[in-house]
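Below, all heavy atoms of this structure are taken into account, side chains as well, without hydrogens, waters or symmetry copies.
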Amino acid sequence: MPEIDWAALHREAVEAMSHAYIPYSHFPVGVAGLVDDGRIVSGCNVENAAYGVGLCAECGMVSDLHRTGGGRLVAVYCVGGDEAPLMPCGRCRQLLWENGGPECLLQTPEGVLSMREVLPQAFGADNLI
C-alpha cells in the first residue's frame with residue numbers, strides 16, 4: 001500500500017472543489033482519493049435543475065478512478081466549502097465501500113476512520129451471492 005500523504009489529498013480535494021457546478025445549493029464539495037497504485041483521483045459535485053439527478057463529488061471521483069485504469073481506493077479526503085473534512089452522504093459511503101472496501105481510510109471531521117467504522121454491516125458484492 002502506498003504511503004498516505006493526507007496534505008496532498010486535501011490540496012487535491014480543494015482544487016477539485018474549485019470546479020464544482022453548484023448554481024442551486026451554492027455548496028461546493030471536492031474529494032480526492034489515493035489509489036492502490038499511487039495515483040490520485042478526484043471529483044467535484046455537479047448539480048442539475050432536476051435536483052435528484054445531481055452528482056456528488058464522490059461519484060465523479062469513482063468515475064475518474066475507473067476512467068484512469070481502475071484499482072482500489074486506499075484513502076479518501078472529502079471537503080466542503082470551508083475546506084474542512086466533510087463526511088460523505090450514505091450513497092457515497094456505499095460507493096467508497098464498493099471501490100475501496102472495509103480497509104479504505106477516510107478523513108472525517110472526527111479524524112481518520114476505516115470504511116468498516118464509517119459503514120458498519122455494509123452491503124457489498126458478497127451479499128449478492
F123 versus L128: any side-chain heavy-atom pair under 4.5 Å? yes
Which heavy atom in Y77 sits nearest to a heavy atom in A13, and how many Å separate them? O-CB, 3.5 Å
Would you say the side-chain atoms of E47 pair up with the backbone N or O of Y24, donor to acceptor, closer than 3.5 Å? yes
Tell me if a side-chain donor or acceptor on R39 pairs with a main-chain N or O of G70 at a distance below 3.5 Å. yes
M17 and V46: same hydrophobic cluster, using ILVMFWY side-chain contacts below 4.5 Å? no
I'd like to know if the side chain of E58 reaches the main chain of P88, judged simply by a donor and an acceptor atom lying under 3.5 Å from each other, with no hydrogens or angles considered. no
Over all atoms of both residues, closest heavy-atom pair of C44 and A16: CB-O, 3.2 Å
Find the distance between SG (C56) and CZ (R91) and round it off to the nearest 0.5 Å. 5.0 Å
Given the rule that I, L, V, M, F, W and Y join up when any side-chain heavy atoms are under 4.5 Å apart, are V112 and L9 in one cluster? yes
Please find the pair of heavy atoms, one from P120 and one from E117, that lie closest to each other, and give the distance. CD-O, 3.6 Å
Taking N45 for its side chain and F27 for its backbone only, find out whether a donor-acceptor pair lies under 3.5 Å. yes
Can you list, by chain and residue number, the hydrophobic cluster partners of V62 when the side-chain cut-off is 4.5 Å? L95
To the closest 0.5 Å, what do you measure between CD (Q94) and CE (M115)? 8.0 Å
Should L113 and L86 be regarded as members of a common hydrophobic cluster, given that ILVMFWY residues are connected when their side-chain heavy atoms come within less than 4.5 Å of each other, either directly or indirectly? no
Do V41 and V79 share a hydrophobic cluster, counting only Ile, Leu, Val, Met, Phe, Trp and Tyr and linking them when any side-chain heavy atoms are less than 4.5 Å apart? no
Given M61, which of L96, I40, N99 fulfils the side-chain contact (heavy atoms from CB on, under 4.5 Å) condition? L96
Looking only at heavy atoms, the pair that brings R72 and E98 closest together is NH1-O, 2.8 Å
How far apart are the closest heavy atoms of C78 and V29, and which atoms are they? SG-CG1, 3.6 Å
Distance check, rounded to the nearest 0.5 Å: W97 atom CH2 versus L106 atom CG? 12.5 Å
Are L119 and L105 connected into the same hydrophobic cluster when the rule is that any two of I, L, V, M, F, W, Y join if their side-chain heavy atoms are below 4.5 Å apart? no
Donor-acceptor check, side chain of D64 to backbone of S42, threshold 3.5 angstrom: yes or no? yes
